[in-house]
Amino acid sequence: MFKKLLFLLCFVYGVNAQDSLRYSIDLNRLENDRLRVEVKLPPGIKEFCFPKMVPGTYAIYHFGRYVSNLQAIDASGKVISVVRKDTNTFSFKNASSLSYEVDDTWDSPEIKGTYIFEPAGTNFQADTLFALNTHALLGYAKGYEQLPVSLQLKTPPRLIPSSSLIAKDGKYVASSYQKLTDAPILVAAADTVHLHLANTDILIAVYSPSHKIKASEIATQLKPLLRAQLNYLGGRFPVNNYAFLLVMSAHLKNGSYGALEHAQSSFYYLPEDSISVMGPIIRDVSAHEFFHIQTPLNLHSDEIGHFDFQNPQMSKHLWLYEGLTEYAAQHMQLQGGLITLPAFLERMTEKYRTSNFNFDNSIPFTKMSKGVLSHYKEEYGNVYQKGALIGLCLDLYLRSETEGRYGTQQLIRDLSARFGPEKSFADQALFDLILETTQVKGVEKFLRKYVSGNEELPLASLLVKVGCELRSTDDKKDKIAFLAAMKNELKEMKNPSPAQLQLRQAWIHH
């Protein structure tokens with residue numbers, strides 16, 4: 001998502017015509033609000049698929065429904081027969097190239113099916129904006145997902161592409177389909193700012209059609225946040241470049257907005273308004289999305305490391321990928337002095353209340369995670385509520401057992417160093433890995449009780465250790481449990497002991 005020729009993904013891979021997929025798209029040829037994609041295939045390809053789902057979305061989207069008029073051509077230039085096996089899968093024999101059309105997801109109401117969250121979709125506006133989440137444009141060869149790939153992108157004059165991938169003469173190159181589609185491209189007359197912090201080049205690219213908000217204003221909001229995150233991560237980011245891609249809109253569908261994380265970038269679809277209105281929202285959303293450079297970039301199970309775009313297998317550990325990320329995004333702001341302890345506790349109170357009011361906390365979190373695409377899809381939002389509270393509890397538990405020396409901040413750093421982007425852990429082994437890494441006796445039992453089990457989180461007993469409390473209602477007349485929970489709040493204690501203050505100091509200022 002970086003400006004052309006300025007940023008590297010880490011490594012530019014050479015692509016050989018005989019063992020790669022080569023895509024090309026000319027954005028100048030937008031017809032009937034559709035783009036045409038051309039694909040050169042290596043020998044032996046028999047099936048071409050489009051994702052049923054993509055990482056980070058936790059929803060079945062069937063991107064193949066936006067594809068039409070797919071043609072297969074053999075080496076002699078002859079059009080050959082194609083069978084559409086299902087919404088996302090095309091089969092053929094002896095094709096050397098393909099050609100097909102794709103509708104954008106933001107503006108195709110005639111295409112029925114699940115609404116696609118804008119940060120995961122596409123938008124084609126001639127001479128103005130092309131929001132290209134390439135997983136919604138590019139198919140892949142079944143059985144050849146690890147082949148090198150390239151995308152030749154021809155852009156309109158006056159529009160600039162921004163991506164975490166570098167383009168040489170409009171050509172983006174990656175080692176696999178997953179690496180290519182993990183780097184969306186924003187093509188627009190975007191307002192951009194470039195920052196350099198520690199070891200990392202950072203791009204902020206903003207498309208604001210009415211120019212209500214500027215990249216320089218957003219950069220001012222993000223700089224202290226990024227510095228705090230840098231300190232939280234130990235003085236070095238795990239990526240050499242990163243892109244914040246923001247599309248501001250005055251026409252939000254159903255009032256929904258947000259962002260989708262990627263390994264080295266995040267794509268935002270937000271209301272177009274002034275920095276005074278949008279600054280706090282951008283800062284808070286960015287805090288969460290940016291921390292995904294740790295999980296799942298540098299720490300993930302096989303289900304994510306070897307993601308199956310057609311038959312996705314869900315990990316049991318959404319508490320780690322989303323919950324602990326959300327906790328870290330808040331704890332980092334507390335530790336970095338961006339918010340006060342009362343403000344932090346107020347945010348945790350809101351999560352506690354929302355979790356109790358809107359979700360079924362009797363479902364073990366690992367069970368919910370595994371079934372989030374089917375039985376428990378309505379429970380997904382709890383990953384940002386109870387998931388963050390799990391992070392808080394685990395952090396306080398680890399710190400209380402180590403006299404403040406070790407918490408989730410150090411745990412994720414240590415696990416990330418052990419695994420990294422290219423190495424996955426086995427889903428069922430995570431609790432054992434945490435025990436092995438922390439050397440904290442009882443942590444595995446803690447996780448089995450409160451994460452894979454359904455016992456109520458021990459917030460009250462853990463908060464006391466840092467001189468805080470879960471203040472409960474004394475209203476004995478309140479016979480409805482969740483209404484009673486709505487009156488509870490996380491607060492500082494009035495007279496904490498020296499031991500409580502000492503542990504609090506380690507928790508906040510470690």
Side-chain angles (χ1 to χ4, degrees), residues 9-11 13 15 19-21 23 42 44-64 86 88-89 120 133-151 164-165 173-184 238-239 260-265 292-322 324-325 366-367 369-374 380 383 412 415-434:
L9 178 61
C10 293
F11 191 92
Y13 298 86
V15 177
D19 58 6
S20 66
L21 267 74
Y23 308 91
I45 304 299
K46 294 181 179 180
E47 283 192 346
F48 196 71
C49 303
F50 293 87
K52 182 178 180 180
M53 175 184 164
V54 292
T57 57
Y58 309 106
I60 299 297
Y61 283 150
H62 291 295
F63 288 101
D86 56 40
N88 302 305
T89 308
N133 276 289
T134 49
H135 57 245
L137 282 164
L138 308 179
Y140 63 94
K142 188 70 175 289
Y144 296 80
E145 291 88 345
Q146 298 307 311
L147 280 179
V149 295
S150 68
L151 168 62
S164 59
L165 282 176
V173 182
S175 62
S176 68
Y177 174 81
Q178 187 166 353
K179 292 288 177 64
L180 178 63
T181 55
D182 194 40
V239 293
L260 181 62
E261 80 276 2
H262 297 274
Q264 295 183 239
S265 56
H292 279 297
I293 59 177
Q294 279 199 301
T295 54
L297 172 61
N298 280 281
L299 182 62
H300 52 254
S301 66
D302 290 319
E303 287 79 1
I304 293 174
H306 302 95
F307 190 82
D308 188 335
F309 291 92
Q310 284 302 303
N311 298 294
Q313 303 301 309
M314 292 294 97
S315 167
K316 296 190 296 184
H317 299 301
L318 281 178
W319 72 272
L320 171 71
Y321 302 124
E322 297 295 348
L324 198 51
T325 296
T366 51
K367 185 177 181 180
S369 297
K370 199 69 179 172
V372 74
L373 298 182
S374 52
Y380 169 70
V383 299
I412 298 303
L415 286 172
S416 296
R418 176 173 175 177
F419 289 94
E422 305 301 328
K423 185 179 179 181
S424 304
F425 62 82
D427 215 47
Q428 67 273 15
L430 180 60
F431 292 171
D432 290 330
L433 286 170
I434 291 174

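As the structure is a prediction and not an experimental result, all values here were calculated from the model.
- Counting all heavy atoms, side chain and backbone alike, Pro312 lies closest to Ile60 at CG-CD1, 4.3 Å.
- Counting heavy atoms from C-beta on, the side chains of Thr89 and Lys142 never come closer than 4.5 Å.
- Interatomic distance, Tyr58 OH to Ser369 OG, rounded to the nearest 0.5 Å: 8.5 Å.
- Of the candidates Pro238, Ser416, Pro421, Pro238 is the only one forming a side-chain contact (heavy atoms from CB on, under 4.5 Å) with Ile293.
- For the atom pair CG of Asp308 and CD of Gln178, the computed distance is 10.5 Å after rounding to the nearest 0.5 Å.
- In this structure, Leu299 and Phe425 have side chains that are in contact, with non-hydrogen atoms separated by less than 4.5 Å.
- For the pair Tyr177 (side chain) and Leu138 (backbone), a donor-acceptor distance under 3.5 Å is present.
- Judged purely by atom type and a 3.5 angstrom limit, His262 has no side-chain atom pairing as donor or acceptor with the backbone of Ala183.
- Looking at Tyr23, its side chain does come within 3.5 Å of a backbone N or O of Gly139 through a donor-acceptor pair.
- Side-chain atoms of Glu145 come within 3.5 Å of backbone N or O of Gly143 as a donor-acceptor pair.
- A donor-acceptor pair shorter than 3.5 Å can be found between the side chains of Glu303 and Ser301.
- Val149 is not listed as a side-chain neighbour of Tyr140, based on a closest heavy-atom distance of 4.5 Å or more.
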Name the atoms and distances for all side-chain donor-acceptor pairs under 3.5 Å in residues 45-57, with sequence neighbours left out.
residue, atom, partner, partner atom, Å
Glu47, OE2, Lys85, NZ, 2.5
Thr57, OG1, Val54, O, 2.7

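- Panel note: side chain Gln313, backbone Asn311; a donor-acceptor pair is recorded below 3.5 Å.
- Nearest heavy-atom pair, Lys423 versus His300, reported as atom, atom and distance to 0.1 Å: O-NE2, 3.9 Å.
- Of the possible donor and acceptor atoms, one in the side chain of Asp427 sits under 3.5 Å from a partner among the backbone N and O of Lys316.
- Side-chain contact between Phe419 and Ser424: absent, with no pair of heavy atoms (C-beta onward) separated by less than 4.5 Å.
- Not counting sequence neighbours, the partners of His135 by the ring-ring contact (aromatic ring centres under 6.0 Å, His included) test are Phe63.
- Contact of the Asn298 side chain with the Ile412 side chain is not registered, since no non-hydrogen atoms from C-beta on lie closer than 4.5 Å.
- You'll find the side chain of Asn88 reaches within 4.5 Å of the side chain of His62, heavy atoms only.
- Considering only heavy atoms from C-beta on, Thr295 stays 4.5 Å or farther from Leu324 through its side chain.
- Between the CG atom in Asp182 and the OG1 atom in Thr134 there is a gap of 9.0 Å [rounded to 0.5 Å].
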**OP:** Would you check, one step at a time, whether the test side-chain contact (heavy atoms from CB on, under 4.5 Å) holds for Ser150 with Val173?
**Re:** CA-CA 4 Å; Ser150 68; Val173 182; 4.3 Å; yes
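- Atom CG of Leu430 sits about 4.5 Å away from atom NE2 of His317, to the nearest 0.5 Å.
- Atom CG of Leu137 is separated from atom CG of Leu151 by 8.5 Å, given to the nearest 0.5 angstrom.
- One distance of note links CG of Leu415 with CG of Leu433; it measures 6.5 Å at 0.5 Å rounding.
- Between Pro184 and Ser265, the closest heavy-atom pair is CD-OG, 3.8 Å.
- At least one side-chain heavy atom of Ile304 sits less than 4.5 Å from a side-chain heavy atom of Tyr321.
- Between Phe431 and Trp319, the ring-plane angle classifies as tilted under the 30° and 60° cut-offs.
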